[in-house]
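This report refers to the structure that appears directly beneath it.
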2 protein chains.
Amino acid sequence: MATIKDIAKAAGVSVTTVSRALNGYSDVNAKTRERIEQTARDLKYSPNSLARSLVMNKSRTIGLLVSELSRSGAKDMFTYEVMCGINDAASDVGYDLILFSTNSAKQKQKSYTQLCRERQVEGVIMQGIKRDDPYIAEVIESNIPCVFVDVDVEGEYVGYVTTDNVFGAQMAVKHLLNLGHTKIGMINGHDYAHVSQKRRKGYERELTDAGIPIREEYMVNGQFLEPEAEIAAFALLQDHPEITALFCASDLMALGVMRAAKRLGLRIPEDLSIVGFDNILLSEYTTPPLTTVNQDKYQMGYEAAHLLTAMLTDGGSERQSATLDNQLVVRESTAPPR
Amino acid sequence: MATIKDIAKAAGVSVTTVSRALNGYSDVNAKTRERIEQTARDLKYSPNSLARSLVMNKSRTIGLLVSELSRSGAKDMFTYEVMCGINDAASDVGYDLILFSTNSAKQKQKSYTQLCRERQVEGVIMQGIKRDDPYIAEVIESNIPCVFVDVDVEGEYVGYVTTDNVFGAQMAVKHLLNLGHTKIGMINGHDYAHVSQKRRKGYERELTDAGIPIREEYMVNGQFLEPEAEIAAFALLQDHPEITALFCASDLMALGVMRAAKRLGLRIPEDLSIVGFDNILLSEYTTPPLTTVNQDKYQMGYEAAHLLTAMLTDGGSERQSATLDNQLVVRESTAPPR
DNA sequence: TTGTAAGCGTTATCAA
DNA sequence: TTGATAACGCTTACAA
């Protein structure tokens, strides 16, 4: 509870001198500094960052805005792993993280700018929000630096981190093509996700390059959810029994697809090959283990925080965005068609 | 960037009146209030919580201290799920979360009290720390309210949330006993975990109740880590081939044990029955699916935040701690011995 | 019902 | 090398 005032009194100097001594300014007599530091220790002083932030107008705090941070996200460790990366990168440079968890109900009450201003965060990292989220427009208008995870918006103070989703999808489809598949369906997420658009693009491009016509009816949405994907895949496979392989825009949805296949009596990979996306932890443990496209989630978070803190300190020089590589991980859910 | 000063000027009143109007005090003329609220909206005002916290000496912030928040924790969703619960409970009552991630290197630089005072958190939730962590003593001494997850310390301002680990372990062992096992080993975590002590107690008690002598050499530590557990279990099973069942203090370790069994050519559950603890997501997907003791991790977090905010507002009335029930989840990793 | 003024714990400007 | 003093944006006695 000791303040610099207390120290000043105890050490017989002014608060100014205490402040300067404790902050390592050079214009303080060595003896005085020593005495001040000692009394600070004696009084178990620790600075009040609130007061400091107020006067300096810098909070050394980053807001972490995760849309619907909830149990449902528990299954793919995506959010968590990204967070770990963010946390590590932020704490490396002395920033603390404040967690805003919003949902649409809360968003109605409080605008993005309000949220940030209130807590005086210096910058924001946004994760798990959809393309049509009203906050995105606010972010671009506002002058609070922000880095998005998996939404490709850029602006003066806005950047993003993502992986090469087009290429990732191409690798997945090429793998299927190489195995001899030609009737390849796709279970996508939803139209409001940046990654869905990109993965679809990769899927279509690879097919086109191979001279295979694109069939709209082979593409369905599973909302990035396991049960929804199961329903969608079930219907798709029932309507189009000629399909021998499915590319899923997420591992979680691939899980649902596996369930649908089981219900239809289809063996994996003999009757149906499945490729996922994300390489979530679970994908290694399914039966059979899932072939998928790996994304380095931790790195995404780390990079996001790094970009943001760079904007904050350098004043926004160099890169604002980053696209990370991803890799095909071949496991046992894919095989040549019968 | 508008402040109450700006509003005061624009609305032609004093800052006091603005403050009172915006905070819903009754002693403000309805007309004046309306005018003030309108100009606040016009100016896109949002309060500066830093300034407010400073003067009120209340930050409405909870510190979340997770020891070694890192990728290694990614495999069990424990940390994440608890966090979701904390987040939901905290935001229900208008508290924000600030993430402190410490590791021993940082702890040396900064004491617990310093950390909290600096950021002026009103209370703290601590997760993933060991019994011998130096912070624990600090917490008890300090007068900052704190709730621990899975460490049973109590004090004037200190409580904890845990599950009934003794009973959980008893259920696990009883299940094994009922199947006819008598040579039951235990892969524990380490001596610095509260839960390890409790689970061991449950294991020993149940065995004793069944008239089976406790054999020290049947108990080994796996540090709550998969590879360590694999090594420990491998050695144990090699030295004591008569063991037909293993109770593991965590699912993650059970995964390692399964690997060890495989390497030894033991089939699960025919040659070796395994029971885990936690019911992590993965346990459902292993081959075979793991019998385990479920803990409601989300609820633990929710309860922790609830206890803490109650302490903060009521001034520490009623309960300070909570012990949640857990349930045996029987899957396919257990069977009668041959 | 409204306003004046003090104060929260810092840092920054300026003068000594 | 040091110290008054103002300022950051807000709340709150106290007075009017």
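Numbered from 1 within each chain, the chains take letters A, B, ... in sequence-line order.
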Would you indicate what Thr3(A) reaches in the nucleic acid, counting non-hydrogen atoms under 4.0 angstrom: base, sugar-phosphate, or nothing? sugar-phosphate

Report the residue (Ala2(A) or Ser26(B)) whose heavy-atom-nearest nucleotide on DNA chain C is the more 5′ of the two. Ser26(B)

In this structure, how many angstroms lie between the P atom of dT11(C) and the CZ atom of Arg60(A), rounded? 14 Å

Gap between atom OG of Ser142(B) and atom CD of Gln114(B) - 0.5 Å precision: 12.5 Å

Regarding dT4(C), can its base be found pairing with the side chain of Thr16(B) as donor and acceptor, where the two atoms are less than 3.5 Å apart? yes

Could you grab the distance from atom CZ of Arg319(B) to atom CE of Met311(B), nearest 0.5 Å is fine? 10.0 Å

Please check if any side-chain donor atom of Tyr302(A) sits under 3.5 Å from a side-chain acceptor atom of Asp92(A), or the reverse. yes

Using a strict threshold of under 4.0 Å (side-chain N to carboxylate O), is an ion pair present between Asp152(B) and Arg131(B)? yes

At 4.0 Å (heavy atoms only), tell me whether Asp27(A) reaches a base, stays on the sugar-phosphate, or touches nothing. base

By nearest-nucleotide position on DNA chain D, the 5'-leaning member of Tyr45(B) and Asn29(A) is Asn29(A)

Contact class for Thr32(A) vs. all strands (heavy atom < 4.0 Å): base, sugar-phosphate, or nothing? sugar-phosphate

At 4.0 Å (heavy atoms only), tell me whether Asn57(A) reaches a base, stays on the sugar-phosphate, or touches nothing. nothing

Between dG9(D) atom P and Gln120(A) atom CD, what is the distance in whole Å? 9 Å

